[in-house]
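Every number for a ligand or one of its atoms is a count from 1 in the order of the listing.
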Amino acid sequence: MAKLGIGVLGVGEMGKRHAENLRRLVPEARLVAVADIAGERARQVAAELEIEYSFASLEDMLASKEIQAVVIATPDKFHAQGIRTAAAAGKDILCEKPLATNLPDAYAALDAAAKAGVRLQIGFMRRYDPAYVAAMKRVEAGEIGEPVVFKSVGRDKDVPPLSAYQSTVNGMLFYNNTIHDFDLARWLMRDEVTHVHAYTTVAIRPEIARYNDVVASVVNLQYARGAIGNIESYVQAIYAYDVRTEVVGSKGSVFIGSVAQVPAAFLSIHGRTQPLADHFLTRFADAYLAEVRDFVQNMLNDKPARVSGEDGLRALAVAVAAENSHLQKRPCEVTHQHTGAPVGSVSYSAN
Ligand SMILES: NC(=O)c1ccc[n+]([C@@H]2O[C@H](COP(=O)([O-])OP(=O)(O)OC[C@H]3O[C@@H](n4cnc5c(N)ncnc54)[C@H](O)[C@@H]3O)[C@@H](O)[C@H]2O)c1
């Protein structure tokens, strides 16, 4: 069986999961190496996964001829440069979201991939989650009629440590968290967002305003074909990792997600208890595996990436408009001026 040689860059929480999946659960992949600026961490992960090579830089890892593709899971601000470097070395790329934290960096990354003729996938793994896939099939089959309203809630559980803001290596809420919902807003509605109006708050944690971030936001959406939408994001819900989405159409509605960890509840004299979803690595475990498996299979079979760089750009453009709206306190148009050749096609279809 032909195997795709892969290297994973950035083996923190997310990258380590990708490396584990590639090593143990994707038979068509061969995890050749991991790399991390924290070289000792890369070495430990390589030892744990029983692979030979670990590196402290992307450049060193790319020198390996056994690597045909790279998974990038560094913090947000390093994605675009990682894509440019991997593309210049002729490797296909699966990059975590967001594509970049600003539009010029995104254009440069897409142009580098197009120039090198490599394929680029962005890590919008919710498109691979069984519940979202099932919903998309209903939408595509016309079962809810014409989509009218998009609603999405994305609440992370634990209070981020202040150091997460101080490091400034990740994008603010819209780029790091809401970006998933901006992608779903396009994908499930099969339409483009043209205008956004963002409301934000730091009321319960004013100290993070100095890092240009917010604790929670609601973003109202206006679509090209006339539909509307609303997305709520909150980084410290405390009670659970709570991700839910609804698409309301002319003939019905499709509701995705549940705050319950499993569909079972415990009933006793004290009442009813039910464990709640508490982490993205458990809630979206199936999606992360399906995502890397699909990437590997498409690369091996010379097919385009399912979730393209262009998808990454369009979600990013919505995030940029939302940040502008937050800063200017008014509705803003979603625009981007990228004139380069699209990297892969804009994809709306389900698996
Ligand atoms: N798709 C999802 O659901 C999801 C979930 C979590 C995180 N993410 C994304 O994954 C990325 C990583 O997040 P994380 O939670 O794993 O962060 P993390 O801090 O746990 O891990 C980041 C790793 O990258 C390394 N690193 C930092 N700068 C580097 C560089 N320049 N070169 C090489 N390595 C570098 C760090 O040493 C660390 O090991 C982020 O972009 C985040 O937005 C996506």
Side-chain angles (χ1 to χ4, degrees), residues 7-21 33-46 48 54-62 70-86 93-102 105-106 109 121-129 132 152 154-158 160-161 163-184 213 233 235 241-243 257 277-292 294-295 307 311-312 315-316 319:
V8 176
L9 176 71
V11 278
E13 198 165 34
M14 192 67 253
K16 187 177 176 207
R17 170 60 63 89
H18 289 316
E20 286 165 352
N21 281 339
V34 294
D36 198 295
I37 200 165
E40 179 53 23
R41 176 158 179 87
R43 202 193 56 73
Q44 276 170 13
V45 172
E48 206 177 301
S54 68
F55 300 96
S57 82
L58 174 59
E59 288 76 4
D60 289 347
M61 183 165 77
L62 291 174
V70 173
V71 174
I72 297 175
T74 50
D76 301 356
K77 290 200 175 162
F78 306 119
H79 291 178
Q81 183 56 53
I83 291 169
R84 290 168 66 176
T85 305
I93 302 156
L94 168 58
C95 181
E96 264 308 332
K97 44 51 65 170
L99 164 62
T101 52
N102 60 68
D105 282 359
Q121 174 155 342
I122 303 301
F124 291 131
M125 84 300 177
R126 291 188 195 174
R127 293 196 191 198
Y128 291 92
D129 175 68
Y132 280 98
S152 205
R155 298 185 194 145
D156 286 331
K157 180 170 179 284
D158 299 319
S163 59
Y165 296 102
Q166 287 164 333
S167 73
T168 72
V169 292
N170 284 307
M172 66 152 328
L173 181 79
F174 295 133
Y175 300 92
N176 189 253
N177 173 318
T178 325
I179 196 87
H180 281 298
D181 304 272
F182 292 145
D183 177 62
L184 293 177
D213 216 327
S233 306
V235 290
Y241 175 71
D242 187 1
V243 172
D278 62 355
H279 202 279
F280 52 86
L281 287 178
T282 44
R283 166 63 185 87
F284 286 110
D286 293 343
Y288 294 123
L289 176 57
E291 174 184 61
V292 290
D294 184 57
F295 172 74
V307 188
D311 289 320
L316 177 66

Open item on the list: Quick test: of every protein heavy atom, which one is nearest to atom 17 (O) of ligand 1, and how far off is it to 0.1 Å?
Closed with: E13 N, 4.6 Å

Open item on the list: For R155, run the salt bridge (charged side-chain N to carboxylate O under 4.0 Å, His left out) check against D181, D242, D278 and tell me which one passes.
Closed with: D242

- [ ] Run the numbers for me: atoms of ligand 1, each under 4.0 Å from some heavy atom of G12, listed by number.
- [x] 16 (O), 20 (O), 21 (O), 23 (C), 39 (O)

Open item on the list: Judged on heavy-atom distance to atom 2 (C) of ligand 1, which of Y175, F78, Y288, F280 sits nearest?
Closed with: Y288

- [ ] Could you list the atoms of ligand 1 found under 4.0 angstrom from a heavy atom of R41?
- [x] 39 (O)

Open item on the list: Please evaluate residues E48 and K16 with respect to the criterion salt bridge (charged side-chain N to carboxylate O under 4.0 Å, His left out), reporting the C-alpha separation (whole Å), side-chain torsions for both, the decisive distance (0.1 Å), and the verdict.
Closed with: CA-CA 10 Å; E48 206 177 301; K16 187 177 176 207; 2.9 Å; yes

Task: Residue and atom name of the nearest protein heavy atom (relative to atom 12 (C) of ligand 1), distance in Å to one decimal - done: A73 O, 3.2 Å

Task: A46 versus S54, closest heavy-atom pair with distance - done: CB-CB, 3.8 Å

Open item on the list: How far is atom 13 (O) of ligand 1 from the closest protein heavy atom, and which atom is that?
Closed with: M14 CB, 4.2 Å

Open item on the list: Taking 4.0 angstrom as the limit and counting only heavy atoms of H180, give me the atoms of ligand 1 inside it, by number and element.
Closed with: 1 (N), 2 (C), 3 (O)

Task: Least distance between heavy atoms, I72 atom then G82 atom - done: CD1-C, 3.4 Å

- [ ] Please identify which atoms of ligand 1 are closer than 4.0 Å to at least one heavy atom of D76.
- [x] 40 (C), 41 (O), 42 (C), 43 (O)

Open item on the list: Tell me whether K157 contacts the main-chain N or O of H279 through its side chain, where contact means a donor paired with an acceptor under 3.5 Å.
Closed with: no

TODO: Identify the protein heavy atom lying closest to atom 11 (C) of ligand 1, giving its residue, its atom name and the separation to 0.1 Å.
DONE: T74 O, 3.3 Å

Open item on the list: Please state which option from K97, E291, H279, M125 has its nearest heavy atom closest to atom 8 (N) of ligand 1.
Closed with: K97

- [ ] Quick one: look up the protein heavy atom nearest atom 1 (N) of ligand 1 and list residue, atom name and how far away it is.
- [x] E96 OE1, 3.0 Å

- [ ] May I ask you to list the atoms of ligand 1 that are less than 4.0 angstrom from any heavy atom of N176?
- [x] 43 (O)

Open item on the list: Please report the interatomic distance CG(N176) to CD(E96), rounded to the nearest 0.5 Å.
Closed with: 10.0 Å

Task: Ligand-side contact atoms (ligand 1) for residue partner L9, heavy atom cut-off under 4.0 Å - done: 33 (C)

Task: atom 19 (O) of ligand 1 touched by protein (heavy atom, under 4.0 Å) - done: no

- [ ] Would you check if the side chain of R41 reaches a backbone N or O of V11 as a donor-acceptor pair within less than 3.5 Å?
- [x] yes

Open item on the list: Using side-chain heavy atoms (C-beta onward) and a distance below 4.5 Å, is I122 in contact with D311?
Closed with: no

TODO: Hey, can you tell me if F284 and Y241 have their rings parallel, tilted or perpendicular (30° and 60° cut-offs)?
DONE: perpendicular

Task: Contact atoms of ligand 1, heavy-atom distance to H79 under 4.0 Å - done: 41 (O)

Open item on the list: Please list, in number order, the atoms of ligand 1 under 4.0 Å from a heavy atom of G123.
Closed with: 1 (N)

Task: Under 3.5 Å: donor-acceptor pair, side chain of H79, backbone of C95 - done: no

Task: Nearest non-hydrogen protein atom, atom 38 (C) of ligand 1 - done: D36 OD2, 3.5 Å

Open item on the list: Under 4.0 Å from atom 26 (N) of ligand 1, is there at least one protein heavy atom?
Closed with: yes

Open item on the list: Just verifying a value: how many Å separate M125 CE and K97 NZ, rounded to the nearest 0.5 Å?
Closed with: 8.0 Å

TODO: Would you mind finding which of I37, L281, V8 brings a heavy atom closest to atom 33 (C) of ligand 1?
DONE: I37

Open item on the list: On a heavy-atom basis, which atom in L316 and which in A106 lie closest, and how many Å separate them?
Closed with: CD2-CB, 3.5 Å

